[in-house]
Amino acid sequence: MDSRYEEILARYKEHDSGLLTLGIETSCDDTSASVVRGSSDVLAVCTNSQIELHSTYGGVVPELASRDHVKNLYPVVTEALRQAGIQASELSAIAVTAQPGLLGALLTGLNFAKGMAMALGIPFVGVNHIFGHICANYISAPELKSPFICLVASGGHTQYIHVTSEYGYEILGGTCDDAAGEALDKIARALGLGYPGGPLLEQLAKEGNPKAYSFRSAFNMKDSPDMSFSGIKTAAVNLMHNARQTGRELPAADIAASFQAEIVHTLVSKLVLMAKKTGIDRIAIAGGVTANGLLRSELERAAKMNRLELYCPEKKYCTDNGAMIACAGYRMLAAGRASALDLDADAND
Ligand code: KG4
Ligand code: ZN
């Protein structure tokens, strides 16, 4: 490696606030690029959502997602650089989601990032998407210090994570089956709401009675981080199905509100439980589901009641975005964890 490359790596280790990291995210259905200065100063984010592309099918079609990323990576990255007011040659390093996610989708971003880093002769780092979500917290709260307990709730994951240091973390537990977002999306689909279901279900739930139906699960009341959403999802679907068989249509808003209430209750109560069990009074949230308004207000209430220090990323940084990947990449590079250019993508955690 040449001296410029080595010099950049040294500057990351010194936490130089002038470093410019490009973050690229293509693990699912968003092509997103962002330029971040220093550890968490977001200069630009450009995202192309594939919602329209997949909505006809009611969910993400992996092959279509990969092809759309291929088409959009160049314009999205170019636009992020333009918004940041910089040339590609001014970038210090490139961070990209390398795992977990849809394999084909991951490979598009990974290869784009590698080619760009190679051409520019700058460091490249593959980032874990979940660690990326956690790092969204540093954008609005650069002062956030470890240790803290983070709830990561997205379309593919629902986990409680003990963030032990700038780069280190351990998974305390989480869902045994469906992720919270996956369950919300499926109920939204059963209600005919479209894709992605979480935000649409949240809107509908505002008009419904959260106590109309009980989807409480005994498993989710256990004194542990483990939870299950598959059973309550089936219960809700069966309820609607049985009513339809007798010619009745249950009030959709009541189903939405009751189902959302149970998911939120489980996620919030277990985050408080994890804080108590570990004795760590700093908590944070991350992932698309944590953009949910009820979840955020219930968490605020619970944090106040239990004297916990709560950190919430802005809603736009809860769902997939390149800025969180750039922030995570910065931390990895600061910890001396640049990736080699033969890094492979991994669909799993
Ligand atoms: O983190 P994310 O953008 O992508 C993954 O890594 O999966 O999360 C997407 C998930 C979807 O299931 C979506 O329905 C859910 O987050 N979601 C929401 C809200 N916004 C997005 N769920 C509930 N309320 C919302 N406002
Ligand atoms: Zn995500």
Side-chain angles (χ1 to χ4, degrees), residues 23-32 34 45 47-51 54-55 58-60 62 65 69 96-103 105-106 109 127-137 150-159 161 174-175 178-191 193-206 208 210 229 233 256-268 284-299 312-325 327-328 347-349:
I24 297 177
E25 157 62 35
T26 64
S27 68
C28 189
D29 59 348
D30 289 303
T31 317
S32 185
S34 169
V45 191
T47 303
N48 180 78
S49 159
Q50 300 180 354
I51 287 178
H54 302 291
S55 57
V60 180
H69 287 311
V96 62
T97 307
Q99 66 179 111
L102 301 170
L103 192 60
L106 288 168
V127 169
N128 180 295
H129 184 76
I130 302 305
F131 181 58
H133 271 303
I134 295 170
C135 289
N137 280 283
C150 189
L151 159 68
V152 180
S154 68
H157 290 80
T158 300
Q159 292 174 330
I161 295 182
T175 183
D178 289 6
E182 189 181 352
L184 288 167
D185 288 347
K186 283 193 183 143
I187 295 307
R189 194 172 166 180
L191 290 168
L193 295 181
Y195 159 88
L200 299 169
L201 189 131
E202 178 180 10
Q203 284 314 312
L204 180 63
K206 286 188 180 138
F229 293 128
K233 179 192 71 188
S258 304
F259 193 76
Q260 177 184 250
E262 174 57 18
I263 298 253
V264 165
H265 172 79
T266 304
L267 294 177
V268 171
I285 56 173
V289 175
T290 65
N292 184 276
L294 179 70
L295 176 78
R296 294 167 82 98
S297 59
E298 284 299 303
L299 256 179
C312 301
E314 274 181 67
K315 286 185 184 184
K316 65 178 176 190
Y317 294 126
C318 289
T319 46
D320 291 350
N321 65 87
M324 67 186 202
I325 302 304
C327 292
N348 302 309
D349 293 2

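Numbers for residues simply follow the sequence, beginning at 1. Owing to the predicted nature of the structure, the values given are computational and were not obtained by experimental measurement. Order of listing sets the numbers, starting from 1, for every ligand and every atom in it.
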Using a 4.0 Å cutoff against the non-hydrogen atoms of [X], which atoms of ligand 1 qualify?
X: Thr319; answer: 3 (O)
X: Gly155; answer: 5 (C), 7 (O), 8 (O), 9 (C), 10 (C), 12 (O)
X: Glu202; answer: 24 (N), 25 (C), 26 (N)
X: Gly181; answer: 12 (O)
X: Gly156; answer: 7 (O)
X: His133; answer: 1 (O), 6 (O)

Please check: side-chain N/O of [X] versus main-chain N/O of [Y], any donor-acceptor pairing under 3.5 Å?
X: Asp30; Y: Cys28; result: no
X: Ser32; Y: Gly322; result: yes
X: Thr26; Y: Ala105; result: yes
X: Asp185; Y: Gly198; result: yes

field: Reported CD-to-OG1 distance for the pair Glu182 and Thr158, which is rounded to 0.5 angstrom
entry: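 If I round to the nearest 0.5 Å, the distance is 8.5 Å.
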
query: the Zn ion (ligand 2) is nearest to which N, O or S atom of His133?
result: NE2

- request: Please say whether more than 12 non-hydrogen atoms of neighbouring residues, nucleotides or ligands are located less than 6.0 Å from CZ in Arg296.
  value: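 Check passes, neighbour count above 12.
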
field: His129 near ligand 1 by a heavy-atom separation under 4.0 Å
entry: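 His129: in contact with ligand 1 (<4.0 Å).
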
task: Give a yes or no on whether His157 keeps an N, O or S atom under 2.8 Å from the Zn ion (ligand 2).
output: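 So His157 does not bind the Zn ion (ligand 2) by this criterion.
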
query: Under 3.5 Å, is there a donor-acceptor pair linking the side chains of Glu262 and Ser258?
result: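 No, no side-chain donor-acceptor pair sits under 3.5 Å.
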
- request: Go through the side-chain N and O atoms of Glu25 and His129 and say whether any donor and acceptor fall under 3.5 Å apart.
  value: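 Glu25 vs His129: donor-acceptor pair found between side chains.
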
In the protein, which heavy atom is nearest to [atom], and how far is it?
atom: atom 24 (N) of ligand 1; value: Asn292 ND2, 3.1 Å
atom: atom 22 (N) of ligand 1; value: Gly198 CA, 3.4 Å
atom: atom 11 (C) of ligand 1; value: Asp185 OD2, 3.5 Å
atom: atom 3 (O) of ligand 1; value: Asp320 N, 3.1 Å

field: Steps toward side chain to side chain donor-acceptor pair (under 3.5 Å) verdict (Asn48, His69)
entry: CA-CA 9 Å; Asn48 180 78; His69 287 311; over 6 Å; no

message: For Lys315 versus Ala291, what's the shortest heavy-atom pair and its separation?
response: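 Here Lys315 and Ala291 meet closest at CE-O, 3.4 Å.
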
- request: Report the part of Gln260 (side chain from C-beta onward, or backbone N, CA, C, O) that has a heavy atom under 4.0 Å from ligand 1; answer both or neither where that applies.
  value: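 No part of Gln260 comes within reach of ligand 1.
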
field: Option whose closest heavy atom lies nearest to atom 20 (N) of ligand 1, chosen from Gly293, Gly288, Cys28
entry: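 Of the listed residues, Gly288 has the closest heavy atom.
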
task: Have a look at the Zn ion (ligand 2) and estimate, to 10 degrees, the angle subtended by NE2 (His129) and OD1 (Asp320).
output: 100°

